[in-house]
Amino acid sequence: DHPVTLPKEMDRARSFIHLLYRQAALTMSYSDYALAQAAIDNAAHHIDAWEELYILKAALNFKFHQLSAVKDSLQKITGLSDSIQVKTLKADLALQEGRYGEAHSGYEGVIEKNRTWDNLARLAHVKSKMGDGSGASTMYVEAQAQITAKDMRSFSWLELQRGLLDFHSGRHEEALAHYERANKAYSGYWLVEAHMAEAFGALRKFDKAVALYEKLITRMAKPELQQALGDLYLFMGKPNQAKPWHEKALTAYLTSAQRGEVHYLHHLARYYADAQEEGPEAVKWARMDLQLRKNFSTHDAMAWALYRNRQFVEAINEMSAALSSGIRDAHLFFHAAMIYLAAGRVEESKQFLQQATDVNPHFTAFHAHH
C-alpha cells in the first residue's frame with residue numbers, strides 16, 4: 001500500500017531510511033510510520049546488513065506501541081544479538097511490559113559499556129518513575145553535558161525531560177522554564193510546545209494555554225492536542241467550548257482504531273473515563289490496551305475505567321497490579337484513593353491521597369493526557 005523507491009547506492013539507501021525513521025519519530029504520524037516501514041522492508045531484500053535494518057524496524061515499532069512486531073524483529077536478529085542497540089531495545093521492551101527491575105538492570109548494563117546521553121536518559125526515566133527524582137536529575141544533567149551544538153534537538157528533548165521531572169512534582173514554574181529553554185534550543189518542536197501549553201494551563205494562564213494549543217492544532221491536527229484543548233476548557237468550566245474539540249479528537253481516535261492501529265487505545269480509554277465518564281466504553285478500550293502491554297499505566301487505566309463503570313472490587317484488583325510496580329505517580333495514587341473510597345475502604349483511601357500529595361502537592365492542577 002506504500003510503495004517506496006530506494007536510491008540504488010547502499011550508503012544513500014541507508015541514509016534515506018534513517019531520514020524516514022527520524023521523520024516518523026519526530027511527527028509520530030502513522031503515514032510517516034508506514035512509509036518508513038515500507039522502506040525498511042524493501043531494503044531488507046537488497047542490503048546485506050539486513051539485521052541492522054531489523055534493529056531500526058524494532059525501534060520504529062516500539063515508538064508506535066507495536067510490541068509484538070518489536071519481538072518479532074528481535075527474534076530475527078542473531079548476529080547482532082549482543083549489540084548495544086539490541087540490549088537497549090530489550091530493556092525498552094521490559095519497561096513497556098511492566099518489568100521495571102529488568103528494565104533498570106538492562107539500562108545499567110548498557111551504560112557500563114556505552115555511557116551515552118540517550119542511555120543515561122533511559123535510566124533517568126526509570127529512576128524518575130520509581131521516585132528517585134534526584135538521581136534522575138543528575139543523570140539528565142550528565143546526558144546534556146554530552147550534547148554538542150550540532151545536536152540541539154537532542155538537547156531540547158533532554159531539557160523537556162527535566163521539565164517533566166519538575167512538572168510531575170508540582171513545580172510548574174520550574175517546568176515551564178525548562179520547556180522555554182528547550183524551545184529556544186530547537187524551536188518549532190511540537191512536543192515541547194504542547195508541554196508549554198500544559199504548563200500554562202497548570203499555572204492558570206489560560207489565555208496563553210488556549211492560544212498555544214490552537215496554534216499547534218492549526219499546524220498539525222493531532223487528536224491528542226485536540227483532546228488536551230477540550231480538557232483545558234473543561235478544567236476552565238467551559239463544557240460548551242470543550243465539546244467540539246473533544247468530538248474531533250474522538251473521531252480521529254476511532255478512525256485510527258478502525259484501521260487496526262493501537263497508538264490511541266490508551267487515549268480512548270482515558271477519554272471515555274474522564275472526558276465522557278462512560279464506564280462501559282472506557283472498560284472496552286482499556287481492556288484492549290491492557291491485552292497488548294501490561295504495565296502500571298495500562299493497569300491504572302483499566303482500574304479507572306472499572307471505577308467509572310462502578311465495578312469497584314475489580315477496580316481494586318487492577319489497581320493492586322498497578323501499585324505493585326513500585327511506581328510513584330501522583331495521579332496513580334489519586335485514582336487509588338478514589339477507588340478505595342468508593343469501595344468503602346476509607347483509611348486506605350486517605351493514605352493514598354496523602355501519597356499523591358507527597359509526590360505532587362499540586363496534582364489537582366490542569367494536566368493533559370499523554
### Task
Check the pair Gln227 / Tyr253 against side-chain hydrogen bond (donor to acceptor under 3.5 Å, both in side chains), numbers first and verdict last.
CA-CA 10 Å; Gln227 184 184 347; Tyr253 290 156; 2.7 Å; yes
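- Not a single donor-acceptor pair under 3.5 Å links the side chain of Asp166 to the backbone N or O of Arg171.
- Here the side chains of Met319 and Tyr307 are not in contact, with every heavy-atom distance at 4.5 Å or above.
- Counting heavy atoms from C-beta on, the side chains of Asn240 and Tyr233 never come closer than 4.5 Å.
- Checked by atom type and distance alone, the side chain of Ser349 never pairs as donor or acceptor with a backbone atom of Arg345 at under 3.5 Å.
- Remark: side-chain polar atoms of His246 are paired, donor with acceptor, to backbone N or O of Asp231 under 3.5 angstrom.
- Looking only at side-chain heavy atoms (C-beta outward), Tyr186 and Trp157 stay at 4.5 Å or farther from each other.
- The main-chain N or O of Gln276 is never found under 3.5 Å from a side-chain atom of Arg308 such that the two would form a donor-acceptor pair.
- Remark: the backbone N or O of Phe363 is paired with a side-chain donor or acceptor of His331 at under 3.5 angstrom.
- Side-chain contact between Ser169 and Val359 is absent, with no heavy atoms from C-beta onward closer than 4.5 Å.
- Between Tyr213 and Phe366, the ring-plane angle classifies as perpendicular under the 30° and 60° cut-offs.
- When atom types are taken as modelled, the side chain of Ser156 and the backbone of Met152 share no donor-acceptor pair closer than 3.5 angstrom.
- Cluster membership for Leu123 and Leu165, using ILVMFWY side-chain heavy atoms within less than 4.5 angstrom, is not shared.
- Note that OH of Tyr107 is 6.0 Å distant from CZ of Arg122, once rounded to the nearest 0.5 Å.
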